[in-house]
Amino acid sequence: QVQLVESGGGLVQAGGSLTLSCVASGRTFASYTMAWFRQAPGKEREFVAAVRWTGISTYSGDSVLGRFTISRDNGKNTVYLRMNSLKSEDTAVYYCAASPSDGPFSVRSIESERTYEYWGPGTQVTVSS
């Protein structure tokens with residue numbers, strides 16, 4: 001069993017930056033693939049980014065490519081999402097997710113909610129224009 005808790009959300013101006021953190025419980029964190037998703041009001045949950053256990057293989061959704069960076073610190077059981085050049089359309093609840101599988105993954109599978117077994121409660125990010 002893995003429990004995830006996100007933090008770092010808040011209100012930021014457009015063009016600003018924010019870093020989200022997700023702390024995971026459980027001794028097997030290092031073997032999990034971790035991801036961030038987001039859900040804006042009235043929209044479906046959207047894949048943001050994912051990182052495999054080594055921290056070397058990362059994936060980003062098209063809407064955040066070049067602006068957001070995912071990373072992890074296995075010693076701290078923590079995954080991060082650094083968000084730069086924030087836009088109003090980035091406003092959403094951001095969720096941390098974990099999959100006990102380390103792949104290999106197709107692009108379709110790593111971006112799918114079904115791949116991830118554990119989810120955090122989410123943290124709100126609001127970008128003001």
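One is the number of the first residue; the rest follow in order along the sequence.
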Applying side-chain contact (heavy atoms from CB on, under 4.5 Å) between S63 and each of K87, E46, E89, report the one that passes. E46

State yes or no: do L81 and V12 share one hydrophobic cluster built from I, L, V, M, F, W and Y residues joined by side-chain heavy-atom distances below 4.5 Å, directly or via other members? yes

Expected output: side-chain T33 to main-chain S101 donor-acceptor under 3.5 Å: yes

Looking at every non-hydrogen atom in both residues, tell me the closest pair between A30 and W53 and how far apart they are. O-CB, 2.7 Å

Between the side chains of T78 and D73, is a donor N or O closer than 3.5 angstrom to an acceptor N or O? no

Can you tell me how far the OG atom of S99 sits from the CD atom of E113, to the nearest 0.5 Å? 13.0 Å

Mark yes or no for whether N77, through its side chain, and A24, through its backbone, hold a donor-acceptor pair below 3.5 Å. yes

One pair to check against side chain to side chain contact (heavy atoms under 4.5 Å, CB included): L20 and W36. What are the steps and the verdict? CA-CA 10 Å; L20 305 182; W36 289 94; 3.7 Å; yes

Tell me the closest heavy-atom pair linking S60 and E111, and the distance in Å. O-OE2, 4.5 Å

For V2 and F29, what are the C-alpha separation, side-chain angles and deciding distance, and is it a side chain to side chain contact (heavy atoms under 4.5 Å, CB included)? CA-CA 8 Å; V2 173; F29 171 81; 5.9 Å; no

Connected via hydrophobic side-chain network under 4.5 Å: Y94 and I70: yes

Roughly how far, to the nearest 0.5 Å, is CD of Q124 from CZ of R38? 12.0 Å

Taking side chain to side chain donor-acceptor pair (under 3.5 Å) as the test, write out the residues that go with T19, two or more places apart. R82

Step by step, would you call M83 with D90 a side chain to side chain contact (heavy atoms under 4.5 Å, CB included)? CA-CA 9 Å; M83 305 183 292; D90 294 319; over 6 Å; no

Is a side-chain N or O of D102 found less than 3.5 angstrom from the main chain of R52, in a donor-acceptor match? no

ILVMFWY cluster, M34 and V23 together (side-chain gap under 4.5 Å): no

Ignoring hydrogens and angles, tell me if any N or O in the side chain of T123 forms a donor-acceptor pair with the backbone of S7 under 3.5 Å. no

Between S109 and S106, is any side-chain donor less than 3.5 angstrom from a side-chain acceptor? yes

Using the side chain to side chain contact (heavy atoms under 4.5 Å, CB included) rule, take L11 and S128 through it: C-alpha gap first, then chi angles, then the decisive distance, then the call. CA-CA 7 Å; L11 176 64; S128 63; 4.3 Å; yes

Within the supplied structure, the quantity of interest is the number of heavy atoms (other residues, nucleotides, ligands) at a distance under 6.0 Å from Q3 CD; does it exceed 12? no

At their closest point, which heavy atom of R67 faces which heavy atom of S85, and how far apart are they? NH1-O, 2.9 Å

Donor-acceptor under 3.5 Å (R45 side chain, Q39 main chain): no

Rest of the hydrophobic cluster containing Y116 (Ile/Leu/Val/Met/Phe/Trp/Tyr, side-chain heavy atoms under 4.5 Å)? F37, F47, Y59, V93, Y95, F105, I110, W119

According to a 4.5 Å side-chain heavy-atom criterion applied to Ile, Leu, Val, Met, Phe, Trp and Tyr, with indirect links allowed, do V64 and Y80 form part of one hydrophobic cluster? no

Between S21 and E6, a side-chain donor and acceptor under 3.5 Å: no

Over all atoms of both residues, closest heavy-atom pair of N84 and S17: OD1-OG, 2.9 Å

Closest contact, heavy atoms only, L18 versus G8: CG-O, 3.5 Å

Given side chains that start at C-beta, do those of V51 and V79 come closer than 4.5 Å, heavy atoms only? yes

Shortest non-hydrogen separation from S129 to S88 and the atoms involved: CB-CB, 4.3 Å

